[in-house]
Amino acid sequence: MRRYEPSEIEPKWQAVWEREDLYRADEGHDERPKFYALDMYPYPSGDLHMGHAEAFSGGDAVARFAAVRGHRVLHPIGWDAFGLPAENAAIKRGVAPKEWTHANIDQQRRSFKRMGMSFDWSRQFNSCDPEYYRWTQWLFVKFFERGLAYRKLAPANWCPNDQTVLANEQVVNGACERCGTAVVRKDLTQWFFKITDYAQRLLDDMDTLIDWPERVLTMQRNWIGRSEGAEVEFEIAETGDRVEVFTTRPDTLWGVTFFVFAVEHPLVAKLAAAGASGDAAAELVGRLRATPLTNREQAESREGVRLGVHAVNPVNGEKVPCFVAPYVLMEYGTGAVMGVPAHDQRDFEFARAHGLPIQVVIQPPGQPRESDTMTEAYDHEGVMVNSGPFDGQRSPESIAAVAAWLEEQGRGRAAVTYRLRDWLISRQRYWGAPIPIIHCPEHGEVAVPEEGLPVVLPDDVDFRPGGESPLARHEGFVNAMCPTCGKPARRETDTMDTFVDSSWYYFRYCSPNEESRPFDPEAVRRWMPVDQYTGGVEHAILHLLYSRFFTKVLHDMGMVEFTEPFPRLMNQGQVIYGGASMSKSKGNLVEPMPIVERWGADTVRLTVLFAGPFEDDIDWALIAPDPERPPGVHGWLIRVWKAVNEAVERPGAEEAELLRRAAHRTVKGVTEDLDRFRFNTAISKLMILTNAMRAALDAGEDARAAAGLLVQMLAPLAPFIAEELWREVLGNPASVHLRPWPSFDPELAREERVTLIVQVDGRVRDRVEVDADAGADACREAALTSENARKAIGDRRVVREVVRPPKLVNLVTADR
RNA sequence: GCCGGGAUGGUGGAACUGGUAGACACGCGGGUCUCAAAAACCCGUGGGCGCAAGCCCGUGAGGGUUCGACUCCCUCUCCCGGCACCA
């Protein structure tokens with residue numbers, strides 16, 4: 001028997017598969033159902049890391065399993081090739097971003113092949129390829145034409161380290177998601193996608209995503225942040241200005257005792273002047289406008305300045321003082337808030353800090369609150385008081401009633417507000433898709449016409465960051481002609497957020513060589529939506545929300561029929577080391593490729609899949625503590641190797657009934673497990689079958705049939721060893737990866753003898769072997785004749801017999 | 001604070017709709033082989049008592065429902081993730 005040598009057999013089969021073109025997606029229109037298995041396309045950062053190994057091992061098992069179960073599988077791969085690291089690496093090492101990116105792609109492609117991933121390489125593309133970003137730009141133009149891409153001056157998140165703006169989604173705890181630098185606030189004119197137009201649909205359609213992890217849905221719901229309430233119009237007594245506020249509690253309107261504007265609110269300067277309180281207000285506004293947004297949000301300050309004017313409460317005509325204060329944010333609602341200190345904690349603290357009256361208008365039943373003795377706001381339900389026509393109404397129900405009443409009176413209306421803000425897509429960096437817009441002195445923002453696409457990113461650019469877009473320094477790029485009038489104009493020099501690239505790449509895979517459109521709608525109809533999407537939770541909001549948005553826009557453009565791109569999503573856990581995320585700087589980095597070289601790709605794949613449920617984190621330090629020793633599953637592969645070889649070399653006279661049954665039971669169990677992506681339990685069942693084969697072989701029985709089934713079931717998980725055993729040892733002419741998945745005989749998969757548990761008063765007292773089809777009578781009989789059970793019963797009387805054939809009998813006695 | 005998810009041997013984890021808790025592994029202990037070691041193979045391995053048969057305890061803590069609870073309900077503790085002046 002040969003030794004198991006992964007370093008020999010793995011490269012061999014990789015080459016054979018490539019020659020046989022085994023994984024090319026079949027566009028044939030045969031009966032087989034399609035299956036689109038998609039892994040989030042990776043950023044080419046250098047070489048594969050352990051996170052890739054885990055995610056792609058799972059995705060590959062899904063794709064291979066679907067293929068052998070009779071699907072036409074599309075399992076593509078490509079590269080998220082634009083982005084800051086390329087530019088930063090280039091600045092540091094003086095290599096052009098393009099060269100750096102392509103070198104990394106080559107390296108990672110080699111590694112993916114070495115890992116045995118069943119990708120259809122013929123569909124590969126890079127998002128930095130002009131043939132791809134041409135269509136990213138084309139889509140931008142379509143968004144622009146539909147009013148979904150627009151430019152505005154707005155306070156933006158600026159990362160001083162990366163020298164670019166960031167989307168809200170890319171700011172984590174006030175810091176840049178990428179580099180961790182504290183983000184500062186900067187007023188800039190930037191391009192946005194109007195994702196807020198789709199807020200409600202993004203929320204509603206989540207009900208159809210039943211196969212998404214709950215936490216991802218929760219995160220998206222929180223991010224969209226729908227809240228229901230009412231808009232109410234207040235008038236400024238001194239100036240007659242009308243100001244809208246949004247409130248979730250219109251039922252507390254009679255409790256308003258002051259009114260607050262955000263620092264950025266457009267009326268503040270005018271009102272401060274009208275109220276003759278100029279200096280103090282101007283000082284506060286000036287100081288806060290200079291303070292980074294995030295610092296301000298974290299301050300939880302209750303400071304504020306009186307504007308000297310008053311707002312008229314539309315429900316009772318009362319005049320209340322107006323303030324400007326940092327605790328009101330321009331970014332949410334209308335940038336102005338009615339102050340109800342009795343029923344909102346922030347308003348309560350503000351009122352106490354500024355000596356403002358507190359008016360209770362919601363009373364909890366039983367324990368009435370009084371403005372003088374309250375120590376905190378009461379924000380639960382209760383009965384409305386001091387509220388004119390609404391006195392006596394119960395508060396949760398009264399919210400809608402008050403909103404309807406406001407509408408009748410013409411002073412407001414029921415309204416919905418979202419936390420979600422428009423997606424800021426412009427970046428002041430070089431390595432991205434140029435925004436295809438020309439600024440004409442006469443015609444303003446003009447989209448580059450289709451013939452002008454792609455707007456090619458020039459190579460000869462000084463891309464060192466300097467606060468403005470590097471492209472702005474490139475004369476040849478900047479100077480353009482207005483597509484409308486032909487006069488000299490200026491090209492837009494910002495590039496797009498790379499999340500724009502990744503918002504539609506999965507459409508491109510369906511027809512990657514399409515030259516006249518981003519994708520062929522016919523091909524998309526054939527393959528999409530994606531049947532199984534695999535990737536990390538870090539994209540729970542960013543990429544997945546943007547992609548859902550894009551799909552809905554494409555739907556509205558009539559380009560696709562569906563509205564959700566990824567009906568099924570699975571998130572792999574992270575691979576960590578010693579309880580902490582792996583990193584070079586921490587010195588705890590374990591890279592997959594050296595392990596692949598030493599122990600084999602199959603060992604790496606099985607190690608990550610066997611470690612636990614796919615979505616759980618894996619601590620490599622616990623799974624493979626000694627780098628000099630092979631991970632545990634390697635030993636199993638050796639046992640499989642030996643067992644299959646022995647089965648062929650020393651065929652027995654007759655296959656043992658026991659082994660045949662074990663094999664069929666395994667087919668049943670592994671099929672169910674793989675259907676539900678439970679790789680760890682599937683592998684465990686294959687191990688049990690291997691152990692059963694060992695026992696049969698040691699008893700001199702024939703195990704060839706079981707060997708064949710074992711190898712077939714191993715194929716999606718450990719494709720190399722399965723192929724070697726299938727073709728070279730078992731002598732099959734064609735690939736195991738083309739062989740239809742085995743079926744099982746339900747009669748054989750059934751256990752024929754089972755252990756009947758005999759309990760007395762709920763405690764296990766005996767185990768008895770019975771036929772699997774034993775009836776209630778036989779089970780009761782077996783239990784009552786059990787020596788151990790009789791002993792446990794003693795002289796007590798059995799008052800109840802719980803019989804659940806053929807698994808359990810519980811004898812319940814008196815005196816308990 | 002709000003929302004979501006967890007807590008099972010020395011370790012990773014298993015237990016499908018309430019019915020043998022700890023499958024399968026790793027580790028550890030013992031053994032076979034060997035001059036020796038590694039590898040490989042075999043046996044054992046939740047805790048306690050016992051020569052044994054067996055008994056008691058045991059799924060974060062406490063309570064409840066049930067013939068029977070890791071699983072369902074209530075209260076609490078801790079851990080992880082997300083959101084957080086969102087009006």
Side-chain angles (χ1 to χ4, degrees), chain A residues 172-173 213-223 225-227 229 245-249 252 260 262 296-302 325-329 331-340 343-347 349-350 379 417-421 537 540-541 607 610-613 615-626 629-633 635-636 638-639 642 669 672-673 676 678 680-688 690-691 694 698 754-767 787-788 791-792 799-804 807-813 816:
Chain A
V172 178
N173 292 327
E214 195 53 48
R215 62 174 163 166
V216 174
L217 293 173
T218 304
M219 282 161 77
Q220 290 211 358
R221 281 197 188 96
N222 287 344
W223 191 260
R226 179 192 155 99
S227 66
V245 295
F246 174 77
T247 176
T248 52
R249 295 294 303 275
T252 65
V260 194
R296 239 169 69 193
E297 281 178 0
Q298 279 154 14
E300 294 190 23
S301 152
R302 290 291 169 265
Y327 88 91
V328 174
L329 306 176
E331 287 78 15
Y332 186 78
T334 63
V337 161
M338 60 187 214
V340 186
H343 306 294
D344 180 281
Q345 189 57 25
R346 295 154 303 180
D347 294 346
E349 289 163 16
F350 190 82
D379 55 11
T417 294
Y418 301 89
R419 206 191 77 110
L420 182 72
R421 290 169 220 166
V537 256
I541 297 170
T607 299
F610 184 59
E615 58 277 12
D616 286 8
D617 288 352
I618 296 172
D619 193 332
W620 195 265
L622 301 174
I623 289 305
D626 183 352
R629 293 232 250 162
V633 292
W636 173 53
I638 292 170
R639 288 195 291 279
K642 286 181 178 170
E672 288 165 2
D673 284 349
R676 283 138 80 194
R678 295 162 65 134
N680 58 329
T681 52
I683 292 167
S684 142
K685 289 180 174 76
L686 294 176
M687 288 172 166
I688 293 170
T690 311
N691 294 345
R694 182 77 263 156
D698 290 346
V754 296
T755 308
L756 174 76
I757 300 306
V758 182
Q759 296 184 335
V760 175
D761 296 326
R763 309 178 84 105
V764 179
R765 295 300 177 185
D766 205 358
R767 287 148 225 252
E787 196 60 36
N788 286 343
K791 226 160 57 186
V799 293
R800 182 169 172 187
E801 293 163 354
V802 180
V803 185
R804 294 283 177 275
K807 299 199 74 171
L808 174 133
V809 173
N810 187 10
L811 304 171
V812 185
T813 65
R816 269 189 82 236

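Letters go in sequence order (proteins before strands), and every chain restarts at 1. As the structure is a prediction and not an experimental result, all values here were calculated from the model. Note: hydrogens, waters and symmetry copies are ignored here, and every other heavy atom, side chains too, is used.
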Would you classify [X] as touching base, sugar-phosphate or nothing, given that sugar-phosphate means primed atoms plus P, OP1 and OP2, and contacts are heavy atoms under 4.0 Å?
X: A/Gly225; answer: nothing
X: A/Arg226; answer: nothing
X: A/Lys791; answer: nothing

Distance check: side-chain N/O of [X] vs OP1/OP2 of [N], anything under 4.0 Å?
X: A/Arg629; N: B/G27; value: yes
X: A/Arg221; N: B/C83; value: no
X: A/Arg419; N: B/A87; value: no
X: A/Arg765; N: B/C56; value: yes
X: A/Asn788; N: B/G54; value: yes

At what distance, to the nearest 0.5 angstrom, does [atom1] of [X] lie from [atom2] of [Y]?
X: A/Asp766; Y: A/Ile757; atom1: CG; atom2: CD1; value: 9.0 Å
X: A/Arg767; Y: A/Gln759; atom1: CZ; atom2: CD; value: 10.0 Å
X: A/Asn222; Y: A/Leu217; atom1: CG; atom2: CG; value: 11.0 Å

Please state the [atom1] separation for the pair [N] and [M] - nearest whole angstrom.
N: B/U11; M: B/G47; atom1: P; result: 12 Å
N: B/G82; M: B/A69; atom1: C1'; result: 32 Å
N: B/C70; M: B/G6; atom1: C1'; result: 13 Å
N: B/A21; M: B/A38; atom1: C1'; result: 37 Å
N: B/A53; M: B/U71; atom1: C1'; result: 33 Å
N: B/C80; M: B/G10; atom1: P; result: 22 Å
N: B/C42; M: B/C33; atom1: C1'; result: 11 Å
N: B/G31; M: B/C49; atom1: P; result: 24 Å

Side chain proximity check, [X] to [Y], heavy atoms < 4.5 angstrom:
X: A/Arg694; Y: A/Arg639; result: no
X: A/Ile618; Y: A/Phe610; result: no
X: A/Val537; Y: A/Glu615; result: no
X: A/Val758; Y: A/Asn788; result: no
X: A/Arg249; Y: A/Val340; result: no

I need the [atom1]-[atom2] distance between [X] and [N], as an integer number of Å.
X: A/Asp698; N: B/U32; atom1: CG; atom2: P; answer: 19 Å
X: A/Trp223; N: B/C2; atom1: CH2; atom2: C1'; answer: 16 Å
X: A/Arg346; N: B/G1; atom1: CZ; atom2: C1'; answer: 12 Å
X: A/Asn222; N: B/C2; atom1: CG; atom2: P; answer: 14 Å
X: A/Asp379; N: B/C2; atom1: CG; atom2: P; answer: 11 Å
X: A/Lys685; N: B/A25; atom1: NZ; atom2: C1'; answer: 14 Å
X: A/Tyr332; N: B/C83; atom1: OH; atom2: P; answer: 16 Å
X: A/Arg767; N: B/G54; atom1: CZ; atom2: C1'; answer: 12 Å

Of the listed nucleotides (B/A87, B/C57, B/A23), which one gets closest to any side-chain atom of A/Arg763?
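Per side-chain heavy atoms of A/Arg763, the pick is B/C57.
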If you assign each of A/Lys642 and A/Thr755 to its closest nucleotide in RNA chain B, which residue comes earlier from the 5' end?
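With A/Lys642 and A/Thr755 compared, the 5'-side residue is A/Thr755.
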Heavy-atom nearest nucleotide on RNA chain B for A/Met219 versus A/Pro625: which residue maps closer to 5'?
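Final value for this comparison: A/Pro625.
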How would RNA chain B look in dot-bracket form, 5' to 3', counting Watson-Crick and G-U wobble pairs with both distances under 3.5 Å and writing | for bases paired to another strand?
(((((((..(((......[....)))((((((.......))))))((((....))))..(((((..]....))))))))))))....
Could you run through nucleotides 4-19 of chain B and give me one letter per nucleotide, 5' to 3': B if any protein heavy atom sits under 4.0 Å from the base, S if only the sugar-phosphate is that close, - if neither?
S------SBSSS---B
Begin with the C-alpha distance, continue with both residues' side-chain angles, and end with the deciding distance and a verdict on side chain to side chain contact (heavy atoms under 4.5 Å, CB included) for A/Met687 and A/Val633.
CA-CA 10 Å; A/Met687 288 172 166; A/Val633 292; 4.3 Å; yes
Is A/Arg302 side chain donor-acceptor paired with the B/C85 base, going by distance under 3.5 Å alone?
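Result: at least one qualifying N/O pair found.
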Partners of A/Thr690 by side chain to side chain donor-acceptor pair (under 3.5 Å), sequence neighbours excluded?
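Scan of A/Thr690 (side chain to side chain donor-acceptor pair (under 3.5 Å), adjacent residues dropped) gives A/Trp636.
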Tell me if B/G9 is syn or anti. Syn = glycosidic torsion within 90° of 0, anti otherwise.
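For B/G9, whose glycosidic angle is within 90° of 0, the conformation is syn.
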Parallel, tilted or perpendicular, as decided by the 30° and 60° cut-offs, for the rings of A/Tyr332 and A/Phe246:
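If you compare the ring of A/Phe246 with that of A/Tyr332, the planes turn out perpendicular.
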Pairing of A/Asp344 and A/Arg346 as salt bridge, 4.0 angstrom limit
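Looking at A/Asp344 and A/Arg346, the cut-off is met.
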